Number of protein chains: 2
Amino acid sequence: MATIRDIAKITGFSITTVSRVINGHPYVDEQKRAAILAVMEELDYKPNKIAQKLSSGKTYNIGVIVPFVNHAFFDGILNGIMEEAFAKKYKVTLLPTNFDRKLELEYLEEFAAKGFDGLIVITRANHIETFYPYMEKGPIVFCENSTGTAVPFVAIDLVGSVTASINYLKEQGVKRLGLTLGRSKRLSCNSVNTIAKAKELFPAFSEADIYWDCIKAQDGISAAAFFKERGIDGVITNGDEIAAMILNQYSHGTAPIVIGQENLLISQMLHFSSVEFHLNQCGKEAFRLFQERKQEQIILPYELIIRE
Amino acid sequence: MATIRDIAKITGFSITTVSRVINGHPYVDEQKRAAILAVMEELDYKPNKIAQKLSSGKTYNIGVIVPFVNHAFFDGILNGIMEEAFAKKYKVTLLPTNFDRKLELEYLEEFAAKGFDGLIVITRANHIETFYPYMEKGPIVFCENSTGTAVPFVAIDLVGSVTASINYLKEQGVKRLGLTLGRSKRLSCNSVNTIAKAKELFPAFSEADIYWDCIKAQDGISAAAFFKERGIDGVITNGDEIAAMILNQYSHGTAPIVIGQENLLISQMLHFSSVEFHLNQCGKEAFRLFQERKQEQIILPYELIIRE
DNA sequence: TTGTATGCGTTATCAC
DNA sequence: GTGATAACGCATACAA
């Protein structure tokens with residue numbers, strides 16, 4: 001591997017001059033520039049990226065903490081982040097936690113060790129306080145509603161959408177409301193907020209009618225069994241694929257009214273209601289907050305898409 | 001930011017000794033090790049990742065070249081790569097090309113400049129020959145059938161699945177066969193192979209019955225119009241979402257028999273046939289080939305899943 | 001316009 | 001066990 005030193009030695013110029021050529025700086029004689037470029041070409045020389053990063057202190061790399069990929073919600077946001085990062089010449093490194101707190105901590109350590117210029121946390125495994133000390137090391141942006149803290153975030157309006165969904169179900173005469181939720185409420189403030197809203201707006205709602213740990217489409221199968229047994233006639237799910245799976249289990253008998261999330265193609269095809277969260281925009285804004293080092297807290301508008 | 005030098009200075013030991021402590025090397029007095037660790041803790045010292053990479057020459061980072069994310073096929077393979085990379089302590093950096101040849105070349109340059117330890121190319125934009133010179137810089141693995149070359153790859157058996165699909169459609173009495181394909185055949189050998197098989201096994205097939213540039217679900221709308229107009233009664237699509245969209249357009253009138261790909265939830269829900277390619281495994285094997293620097297060429301088995 | 005010298009933060013070699 | 005010192009490859013004040 002040829003280095004900048006080799007090029008300098010061979011061309012007879014100094015490392016500095018070669019460096020100037022590499023970076024397209026002015027104040028280099030055109031003749032010499034051409035000669036240096038020729039040698040670089042001949043030796044198939046490429047400036048070492050790592051060395052450049054070490055020297056500049058910038059990696060042009062952003063880490064994205066996410067439970068896992070291949071999941072509509074996370075992928076939607078990730079997609080937005082990537083589009084924006086790409087436009088700004090940043091690279092995106094995936095940091096999947098699978099909700100493992102220790103693993104997430106390792107990523108934070110790596111960030112503190114200058115592994116990334118910034119971090120976007122789509123969904124965290126640890127408590128938000130855990131992140132505070134690391135936020136002094138560099139910009140960290142969250143994609144979760146963290147009202148009450150001072151962290152920059154851009155989040156979807158889950159409370160708003162749940163409110164609208166419940167009101168709609170009430171209008172439709174739903175008697176017993178069911179919910180599917182992801183991780184236990186101890187960990188997810190989204191779950192906490194959703195439950196609070198349900199209790200507030202739907203007095204008959206009982207926490208016993210929540211189907212927990214509902215993450216992937218397949219979880220919809222047992223969720224449906226759960227709801228059938230309890231005579232649920234209206235369900236707010238945490239994902240279109242889950243919603244689809246639930247509906248599919250009701251092939252005979254009347255299905256409850258089910259509301260999905262993410263407004264995926266499947267909700268359109270199976271014709272059930274869903275919520276458009278603008279996940280792509282969420283990701284884009286998150287990256288913008290990182291890059292401009294803004295401290296904003298943004299909640300995106302949602303649209304409840306009724307299909308009946 | 002505290003550096004190893006600071007720790008050395010404060011503790012009064014040499015940089016070497018501190019480095020030994022960092023890396024858990026032997027031959028360090030336990031007393032001193034403890035003292036050094038204490039100071040590191042106190043100063044919140046973390047060894048700089050970039051410096052470590054420069055010094056070691058390894059990044060523990062692998063780049064994945066892919067047209068874009070949020071697409072079932074690519075995400076499926078990506079997921080497999082990530083699982084395996086994760087298990088082997090590697091990080092994954094996404095390199096989206098949007099089929100831009102020049103952009104892909106930039107990624108290759110970055111790879112040559114030691115930006116990544118290896119590259120996995122899910123789908124390439126450039127000709128395979130373009131990659132040859134870069135393969136001398138480090139391991140590159142492809143996820144596309146590249147029989148006839150010497151490059152390591154792990155691919156899905158598209159020819160096999162198309163063969164099986166066509167035979168099935170023939171059995172079902174299909175008279176006029178339609179195809180949806182992605183990029184023009186000039187660029188994609190998958191397209192070339194698919195067409196060849198169609199002509200071979202389905203004599204009545206005409207290239208005029210191919211709907212091109214069919215990438216995203218929405219493309220299924222005009223694909224359906226295209227097929228309706230031409231009286232197509234059997235379609236092999238290049239994706240379940242596209243297949244679903246096509247079927248959806250036939251709400252009144254008899255729909256053609258449609259075969260999807262990827263065996264997504266939606267094919268199960270809408271009950272149309274599809275092909276299981278084991279994309280996850282494809283990604284995993286690709287990473288394995290990278291890590292073990294194997295030159296293997298693997299074609300994965302498929303399963304045609306008939307739903308009628 | 002060009003070059004010298006130094007820094008970036010680690011790891012590795014080798015002598016003590 | 002320990003510590004100078006030289007890589008690693010590049011960027012950049014500052015001097016010339």
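All values below were derived from every heavy atom in this structure, side-chain atoms included, with hydrogens, water molecules and symmetry-related copies excluded. Lettering follows sequence order; numbering is per chain, from 1. Predicted model only: the values in this text are computed from it and were never measured.
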Next item on the list: Tell me whether the guanidinium CZ or amine NZ of B:Lys91 lies under 6.0 angstrom from the six-membered ring centre of A:Phe116 and within 45° of its axis.
Entry: no

Base, sugar-phosphate, or nothing for [X], non-hydrogen atoms under 4.0 angstrom?
{"X": "B:Thr16", "value": "base"}
{"X": "B:Lys46", "value": "sugar-phosphate"}
{"X": "A:Ser19", "value": "base"}
{"X": "A:Lys114", "value": "nothing"}
{"X": "A:Lys53", "value": "nothing"}
{"X": "B:Ile15", "value": "base"}

Item checked: Contact nearer the 5' end of DNA chain D, comparing A:Ala51 with B:Glu30 -> B:Glu30

Among [options], which is the nearest nucleotide to the side chain of [X]?
{"X": "B:Asp29", "options": "C:dG3, D:dG1, C:dT10", "result": "D:dG1"}
{"X": "B:Phe13", "options": "D:dG3, C:dT10, D:dG9", "result": "D:dG3"}
{"X": "A:Val28", "options": "D:dT2, C:dT2, C:dA12", "result": "C:dT2"}
{"X": "B:Thr17", "options": "D:dG9, C:dT1, D:dG3", "result": "D:dG3"}

Note to self: Treating B:Asn98 as the side-chain partner and B:Asp100 as the backbone partner, does any N or O pair qualify as donor plus acceptor under 3.5 Å?
What the structure shows: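 Looks like no, no N/O pair under 3.5 Å.
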
Figure out the [atom1]/[atom2] separation between [X] and [N], and round it to whole Å.
{"X": "A:Ile4", "N": "D:dG9", "atom1": "CD1", "atom2": "C1'", "result": "8 Å"}
{"X": "A:Lys58", "N": "C:dC8", "atom1": "NZ", "atom2": "P", "result": "19 Å"}
{"X": "B:Ile50", "N": "C:dG7", "atom1": "CD1", "atom2": "C1'", "result": "16 Å"}
{"X": "A:Leu54", "N": "C:dT10", "atom1": "CG", "atom2": "P", "result": "9 Å"}
{"X": "A:Gln52", "N": "C:dG7", "atom1": "CD", "atom2": "P", "result": "21 Å"}

Next item on the list: Please determine, by modelled atom types, if B:Ser19 and B:Thr16 share a side-chain donor-acceptor pair under 3.5 angstrom.
Entry: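 Absent: no donor and acceptor within the cut-off.
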
Notebook entry, point to check: B:Phe287 and B:Phe290: aromatic ring centres closer than 6.0 Å?
Noted result: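 Centroid separation for B:Phe287 and B:Phe290: below 6.0 Å.
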
Item checked: Distance-only donor-acceptor test (3.5 Å): side chain B:Arg33, base D:dG1 -> no

Notebook entry, point to check: When only distance counts, do a donor and an acceptor, one from the side chain of B:Arg5 and one from the base of C:dG7, lie under 3.5 Å apart?
Noted result: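 Answer no: no donor N or O sits under 3.5 Å from an acceptor.
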
Notebook entry, point to check: Atom CD of B:Gln281 and atom CD1 of B:Ile156: how far apart are they, to the nearest 0.5 Å?
Noted result: 12.5 Å

Notebook entry, point to check: Between C:dG3 and A:Ser14, is there an OP1 or OP2 to side-chain N/O distance shorter than 4.0 Å?
Noted result: yes

